[in-house]
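Worth saying up front: this structure is predicted, and the values here are computed from it rather than measured.
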Amino acid sequence: QVQLVESGGGLVQAGGSLRLSCAASGRALSSYDMGWFRQVPGKEREFVAAIRASGGNTYYGDSVKGRFTISRDNAENTVYLQMNSLKPEDTAVYYCAARRGSLPFYTGRYYQSDFGSWGQGTQVTVSS
């Protein structure tokens, strides 16, 4: 099973940028479709972005489209989430997730159950 460790979270002012990283170990990331989710206390974990194993297709939740970019470097076994134009409502714990094999056909969002491995999360706080 692949192990995932997120980093890059922190405190940033509204309008600023952060780049999250998700480093994988234990397995080659090139066999996994990857995703990012976020969660605030008391709410369901929300789909943010996903990327196919080849990096050729990316998918985004409506709330982050045009502001966030998911990418990957399979040689480095790392997935990234570039977050620009951050808003206070982006404040959450951000989780990296992996699915061995292909994600289902995209119909607007992915679900926690679509992924089998998770990192421990990294806190992102956006101040107004």
Linking I/L/V/M/F/W/Y whenever any side-chain heavy atoms sit under 4.5 Å apart, do [X] and [Y] land together?
X: Leu29; Y: Phe37; value: no
X: Val93; Y: Leu86; value: no
X: Val2; Y: Ile51; value: yes
X: Tyr60; Y: Leu18; value: yes

Measure across [X] and [Y] and return the closest heavy-atom pair with its distance rounded to 0.1 Å.
X: Phe115; Y: Trp118; value: O-NE1, 3.7 Å
X: Ser128; Y: Ala14; value: CA-CB, 4.4 Å
X: Asn77; Y: Arg27; value: ND2-O, 3.1 Å
X: Asp114; Y: Pro104; value: OD1-CG, 3.7 Å
X: Ala50; Y: Leu103; value: CB-CD1, 4.0 Å

Stacked cation flag Arg109 on Phe47, 6.0 angstrom / 45 deg: no

Cation-pi check, Arg45 onto Tyr95 ring (under 6.0 Å, within 45° of axis): yes

Side-chain ([X]) to main-chain ([Y]) donor-acceptor, under 3.5 angstrom:
X: Thr125; Y: Leu11; result: no
X: Gln3; Y: Gln1; result: yes
X: Tyr106; Y: Gly108; result: yes
X: Ser85; Y: Gly15; result: no

Basic-acidic side-chain contact under 4.0 Å: Arg99, Asp33: no

Pairing of Asp90 and Lys87 as salt bridge, 4.0 angstrom limit: no

Derivation and outcome, side-chain hydrogen bond (donor to acceptor under 3.5 Å, both in side chains), residues Ser71 and Gln82: CA-CA 8 Å; Ser71 62; Gln82 177 67 43; over 6 Å; no

[X] [atom1] to [Y] [atom2] distance, which is reported to the nearest 0.5 Å:
X: Thr78; Y: Leu20; atom1: OG1; atom2: CG; value: 12.5 Å
X: Leu81; Y: Arg19; atom1: CG; atom2: CZ; value: 10.5 Å
X: Tyr80; Y: Ile70; atom1: OH; atom2: CD1; value: 12.0 Å

Do you see a donor-acceptor pair shorter than 3.5 Å between the side chains of [X] and [Y]?
X: Arg52; Y: Tyr59; answer: yes
X: Ser21; Y: Glu6; answer: no
X: Tyr94; Y: Arg38; answer: yes

Disulfide bond (SG atoms under 2.5 Å apart): pairs with one or both residues in residues 63-104, sequence neighbours excluded: Cys22-Cys96

Steps toward side-chain hydrogen bond (donor to acceptor under 3.5 Å, both in side chains) verdict (Glu89, Ser63): CA-CA 10 Å; Glu89 51 264 43; Ser63 60; over 6 Å; no

pair Gln120-Val5: side-chain heavy atoms closer than 4.5 Å: yes

Arg72 side chain reached by Met34 side chain, heavy atoms, under 4.5 Å: yes

Criterion side-chain hydrogen bond (donor to acceptor under 3.5 Å, both in side chains) on Asn84 and Ser17, from CA distance to verdict: CA-CA 4 Å; Asn84 298 330; Ser17 299; 2.9 Å; yes

